[in-house]
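Structure first, commentary second.
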Amino acid sequence: MTSGASAGSDGPVLPLVASVVPLVPAWRVDRDFDYLVREDLAVVPGSLVRIRFGNRRVRGIVRSVARRRPERDLDEVGALVLPEPLLEPPQDKIFDFLAERYVVPRGRAFDRAVPPRVRVSKPVVTQVPGRIPEARLLPSFDGGPALVSALRERTGGTWCVQALSGPDHAELIVEMAAQARGQVLVAVPEVRYGSHVLDALSSRWKYVARVDASRSDAERARAWLALAARHQIGAGGRSAVLAPAPELGLLIVDDEHDPTFKEDRSPRYDARRIAEARAATQGAVCVLVSPTPSVEFAGRALSGEINWVAPARSDERARRPITEVVAPSSDRVVTHELHGRVRDALRAEKRVGLLVPRRGFARAVWCAQCRRSLRCSRCEAGMTYDRERRRVRCPRCALTGPPPDVCPSCGAGDFRYLGAGSERLADQIASAFPRARVVRVDPDVLARAEPESLRLEDADIYLTTWIGTKETLRPPVDLVGVLGIDHLIRRPDWRAAERAYQALAEMSEWAGPEGRLVIQSDDPRHHSVQAVVRGDYRFFAERELVHRRELAYPPFSELVKIRARGPQAKATIDGCVARCRDAGATVLGPIAVPEPGGEHADAPLEVLAKCNDATVVARALREVAATTSGTTRLQFDVDPR
DNA sequence: ACATTATAAATA
DNA sequence: ATTTATAATGTG
């Protein structure tokens, strides 16, 4: 590849030619460009270089370097931005995958390989790896010993690990990292109020290359370059799965179910899928950890497609608090039963956490008989109910109509409507327990005050919305009361049951094995509720998978959402639909999605494609994207959350 | 007829 | 992304 015409042959030495991806986010330049390399410049595959492009200077990443005869007049590589390569092969394949699956120009994908402000070039701290300690926690898991040997021998594979809730969680992550051979990257959910896992990693290793947003740009850049120079361990948020690690041995995604692993700006990647694909291309082990794994990955694990690691049933049940489900009362927010539990706890000088539902939510319609929510006949989204007009409406395709007389699933005629306002909850609770000190935490309070200044330890009743239940924020309590879970269960969204289960499981963890959990729900038999009562994740997963299979939602399909706006929106989206169908997808829509404040006439059009392999559909859509004119905006969302 | 502004094309 | 050529629109 690099030899060329020198040895023995008579011709002149061929020039060095580098293929470069310019870091320019445009479909018109979605390919490599060749440049000459001066003999004194240490340009290698993966180098970050400065090149002339058009009439300006941009940065680019070198894909390959070879001695060959150029086919045309070439410009010279301007300079090396970094002395060492940033993206040694085969890591460039990750960014090819990123560009391909998530339908972005290559320059936009490769831009994610570059650290912020590459001015800082400090010496790199490298750690001499110590002796590998015995694994303490993992061997007691079903499938744990196999994972330990995969880590030690670096035999690859994707592993879905159902963690135990509780204080051992951070240690489990540290233990896996310590067992691994080669470099280790750990991705954790967005760390706004700190992270126990990152703290635990930092106390085990002298220097953990932190690439999360809570660090300064300078520190992130330093960490990024340290990892490119083979520093052993790095950690951060979603983007940690894209950090350089030429000798990657282990890639961990912790709390894998968390929605922040989906990037919400272009490139809209799912960090878990990137992690899996990356580990495969580098021969590393990919571990997805969560006490409540996503149904997508758990389903693949239970079917044997990827590896499955779970705690012994008895260990899982031992973490469960005493759990009760009580029917909500129609005239008060705190039922008689929960009121009694709170009163008893306060008398015993114990502390109480109460979870109130979010303020605004969709009003769902469901059948009292078979307990299914009403779904749109056209696109399968859950219907919402407009109380004033007495009509049902699909939030996805805006199909409206009168509420049906009988349930389309079971023929019963008894519908329930959900979604009463909940503004006065805090006041009602304060007046129900007048002698208790009530501390209220919600997004408004958090925006105004630092978490430390809230004096949570003084509270008898800690009243919060979901935001205040973050592990690093919530105070320890003895009783947790969930005032309403039904709005989450009935949410018009195919992941509603999963989100509800995860929320309840988190509350169960908050109450802890010594505590008590009271759930107010009118659907105590729902699998999201029952799984928490039983302390049995698998119970939830297996039942939810039945529903997913019925409607062909992930993991039984992959999804691609496409949105078009502008003058040619209709024609453009029709072209996309045709491409999707050619690629074997089932397409729902197109439908107009009204925007807040926008005219209905020029509302963007949206379709949802269900397919076996979204990468195949993405490849087809790439051609549409590359040929779409500037005034029509196309937006692709592969693996939408 | 010429200046101003939107639009498309090209980048080694 | 940014520049440059080209078409469309506006102005005296």
Side-chain angles (χ1 to χ4, degrees), chain A residues 1-2 4-5 12-82 85-87 89 92 95-96 98-100 102-119 217 242 263 265-269 564-572 575-576 599 602 604 622-636:
Chain A
M1 183 176 178
T2 43
V13 175
L14 290 171
L16 269 179
V17 178
S19 286
V20 181
V21 180
L23 299 184
V24 168
W27 287 109
R28 313 250 185 227
V29 292
D30 184 42
R31 61 205 156 96
D32 296 353
F33 290 78
D34 290 346
Y35 289 84
L36 292 176
V37 181
R38 297 198 311 271
E39 296 290 336
D40 63 312
L41 220 50
V43 171
V44 295
S47 293
L48 182 63
V49 295
R50 199 155 274 283
I51 48 172
R52 279 217 334 236
F53 195 66
N55 286 326
R56 74 231 111 85
R57 310 183 72 79
V58 299
R59 293 179 303 180
I61 288 177
V62 176
R63 301 296 289 277
S64 62
V65 184
R67 287 202 184 276
R68 60 182 157 93
R69 189 171 305 285
E71 286 139 39
R72 51 175 292 179
D73 271 358
L74 296 181
D75 205 347
E76 267 187 357
V77 168
L80 270 171
V81 179
L82 297 168
L86 187 62
L87 196 68
D92 57 326
F95 295 88
D96 283 330
L98 175 60
E100 185 168 58
Y102 297 98
V103 204
V104 292
R106 286 229 274 259
R108 190 183 283 285
F110 276 73
D111 195 46
R112 294 316 202 80
V114 178
R117 294 196 277 140
V118 264
R119 303 198 70 126
D217 279 4
L242 298 175
E263 172 83 78
R265 292 188 305 260
S266 171
R268 296 168 202 283
Y269 64 92
R565 65 183 68 208
Q568 325 269 29
K570 186 72 177 77
T572 308
C576 291
E599 290 294 315
D602 47 47
R622 192 172 192 81
E623 295 163 29
V624 185
T627 55
T628 299
S629 81
T631 48
T632 304
R633 312 306 300 180
L634 252 186
Q635 184 179 296
F636 303 105

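Each chain gets a letter, A, B and so on, in the order the sequences are listed, and its residues count up from 1. All values derive from a computational prediction rather than experimental measurement.
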Between A/R31 and A/V21 (side chain of the first, backbone of the second, donor and acceptor by atom type, cut-off under 3.5 Å), is there such a pair? no
Could you pull out all donor-acceptor pairs under 3.5 Å where a side-chain atom in residues 43-51 of chain A meets a protein atom, sequence neighbours excluded?
| from | atom 1 | to | atom 2 | distance (Å) |
| --- | --- | --- | --- | --- |
| A/S47 | OG | A/V44 | N | 3.0 |
| A/S47 | OG | A/V44 | O | 2.9 |

For A/R57, I'd like to know if atom CZ has over 12 heavy atoms of other residues, nucleotides or ligands within 6.0 Å. yes
Tell me: CZ of A/R633 to P of B/dT7, nearest whole Å? 12 Å
Side-chain N or O of A/R28 closer than 4.0 Å to phosphate OP1/OP2 of B/dA9: yes
Heavy atoms of chain A, cut-off under 4.0 Å: which first and last nucleotide of DNA chain C, 5' to 3', fall inside that, if you could look? C/dA1 to C/dT4
Which part of the nucleic acid, if any, lies within reach of A/R108 when heavy atoms closer than 4.0 Å are counted: base, sugar-phosphate only, or nothing? nothing
Treating A/R622 as the side-chain partner and A/A99 as the backbone partner, does any N or O pair qualify as donor plus acceptor under 3.5 Å? yes
Taking any heavy-atom pair under 4.0 Å as a contact, classify A/F53: base, sugar-phosphate, or nothing. base
Roughly how many Å is it from CZ in A/R63 to C1' in B/dA12, rounded to a whole number? 16 Å
Using atom CZ of A/R52 as one end and atom C1' of B/dA12 as the other, report the distance to the nearest whole Å. 10 Å
Does the pair A/R63/A/D96 count as a salt bridge with the N-to-O cut at 4.0 Å? yes
Please classify the nucleic acid contact of A/N55 as base, sugar-phosphate, or nothing, using heavy-atom distances under 4.0 Å. sugar-phosphate
Between P on B/dA12 and CG on A/D30, what's the gap in Å once rounded to a whole number? 17 Å
Rounded to the Å, how far apart are A/R72 CZ and B/dA10 C1'? 11 Å
Quick check: does any side chain N or O of A/Y35 sit under 3.5 Å from a backbone N or O of A/R52, one acting as donor and the other as acceptor? yes
Report the distance from atom CZ of A/R56 to atom C1' of B/dA12, rounded to the nearest whole Å. 13 Å
